[in-house]
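These notes concern the structure reproduced below.
This chain uses plain numbering: 1 for the first residue, then up along the sequence.
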Amino acid sequence: FNSLNHDMTLPEFKFIWYMEYSHRMWGRAVGLAYILPAAYFWRRGCLSRPLKGRVLALCGLVCFQGLLGWYMVKSGLEEKPDSYDIPRVSQYRLAAHLGSALVLYSASLWTGLCLLLPQHKLPETKQLLRLRQYAHGTTALIFLTALSGAFVAGLDAGLVYNSFPKMGERWIPDDLLAFSPVLRNIFENPTTVQFDHRILGIASISAVTALYLFSRKIPLPRRTRVAVTSLLAVACMQ
């Protein structure tokens, strides 16, 4: 209020407050939805030894995610007397919070699917191994693209250029490497952050398309085909 939103009304503040409050309460509800059933099934002896390790890791990730969220929000409330920038949370902590959430969500989904769906026993052909490796590489690329989106959000980098495929009148902006040292541009220069996010996004959808086309050449179970086709559909929609 002192630094940026001098004309904010009480109802406008309440809207932001309730957004944050709801997010925190929802996060705590998710934590209870993990920990209470885990404790119940653990006590009843329903969990195998490998599953116990996975459950402990997931519960630890839930707690770590909450701690990371507090650490992220705290960065937006710190006084920065030497800075003329508007108050904002650290883009590094925002990316860490998002990355941790994606890992937690993916690990939860993977664990649930492993328990609910029987594993297909497929012959370990060279093509199938290549498909699996390519799928893992595509996953890493999508994860990196999502993290770069957190830097875009943290720096309001999406407001710098609003034209596509060019950025303004140029394919490569003049201020792409304006910061020194050069490495700072990747994480702190809004132009570079937006440029990188565009490149990663294009690379991700290209990788997903190539994965889909490659999968069509291999005899796969119906469930796997549905998964790959759904991946392509969601990538196009995204």
Margin query: Set out, in order, the CA-CA distance, both residues' side-chain angles and the distance that settles side-chain contact (heavy atoms from CB on, under 4.5 Å) for Ile142 and Ser204, then state yes or no.
Written below: CA-CA 6 Å; Ile142 293 170; Ser204 289; 4.2 Å; yes

Gap separating the [atom1] atom of [X] from the [atom2] atom of [Y], nearest 0.5 angstrom:
X: Leu56; Y: Leu51; atom1: CG; atom2: CG; value: 10.0 Å
X: Arg222; Y: Thr229; atom1: CZ; atom2: OG1; value: 10.0 Å
X: Arg130; Y: Lys217; atom1: CZ; atom2: NZ; value: 8.5 Å
X: Trp70; Y: Arg93; atom1: CH2; atom2: CZ; value: 8.5 Å
X: Phe41; Y: Leu47; atom1: CZ; atom2: CG; value: 8.0 Å
X: His136; Y: Leu141; atom1: NE2; atom2: CG; value: 14.5 Å

For the residue pair [X] and [Y], what are the closest heavy atoms and their distance?
X: Val160; Y: Pro190; result: CG2-CB, 3.7 Å
X: Leu220; Y: Ser215; result: CD1-O, 3.7 Å
X: Ala150; Y: Ala95; result: CB-CA, 3.5 Å
X: Arg198; Y: Pro165; result: NH1-O, 3.4 Å
X: Ile172; Y: Leu176; result: CG2-CD2, 3.7 Å
X: Ala146; Y: Leu98; result: O-CD2, 3.4 Å

Discussion item. Ring centres under 6.0 Å, that's the criterion: do Phe195 and Tyr161 meet it?
Written reply: no

Determine whether the aromatic ring centres of residues Phe214 and Tyr134 are separated by less than 6.0 angstrom. no

Should we say atom [atom1] of [X] is surrounded by more than 12 heavy atoms from elsewhere, each under 6.0 Å from it?
X: Lys74; atom1: NZ; value: no
X: Met19; atom1: CE; value: no
X: Gln238; atom1: CD; value: no

Out of curiosity, does [Y] fall in the hydrophobic cluster containing [X] (side-chain heavy atoms, cut-off under 4.5 Å, transitive links)?
X: Ile205; Y: Val234; answer: no
X: Leu177; Y: Phe179; answer: no
X: Leu58; Y: Trp110; answer: no
X: Leu109; Y: Leu117; answer: yes
X: Met25; Y: Tyr18; answer: yes

Side-chain donor/acceptor of [X] to backbone N/O of [Y], under 3.5 Å:
X: Ser230; Y: Val226; answer: yes
X: Gln194; Y: Ala157; answer: yes
X: Arg132; Y: Leu128; answer: no
X: Ser75; Y: Val89; answer: no

When you compare the side chain of [Y] with that of [X], does any pair of heavy atoms fall below 4.5 Å?
X: Thr125; Y: Leu129; value: no
X: Ile16; Y: Met8; value: yes
X: Val62; Y: Leu104; value: yes
X: Leu94; Y: Phe151; value: no
X: His23; Y: Arg28; value: no
X: Ser148; Y: Leu200; value: yes

**Request:** May I ask you to decide if the ring planes of Trp17 and Tyr21 are parallel, tilted or perpendicular, using 30° and 60° as cut-offs?
**Result:** parallel

*asked:* Does the plane of the ring in Phe187 sit parallel, tilted or perpendicular to the ring in Tyr92? Use 30° and 60° as the thresholds.
replied: tilted

Exercise. Output, in order, the C-alpha distance, side-chain angles, deciding distance and verdict of side-chain contact (heavy atoms from CB on, under 4.5 Å) for Asp156 and Arg88.
Key: CA-CA 10 Å; Asp156 287 332; Arg88 67 171 83 243; 3.3 Å; yes

Test side-chain contact (heavy atoms from CB on, under 4.5 Å) on Phe64 and Leu68 and set out the steps.
CA-CA 6 Å; Phe64 176 72; Leu68 202 53; 3.8 Å; yes

Is there a donor-acceptor contact under 3.5 Å linking the side chains of Gln65 and Tyr105?
no

### Query
Does the pair Tyr212 and Leu231 meet the rule for a side-chain contact (heavy atoms from CB on, under 4.5 Å), with working shown?
CA-CA 8 Å; Tyr212 171 79; Leu231 178 64; over 6 Å; no

Tested for side chain to side chain donor-acceptor pair (under 3.5 Å) against Asp175, the lone hit among Thr192, Asn185, Thr191 is Thr191

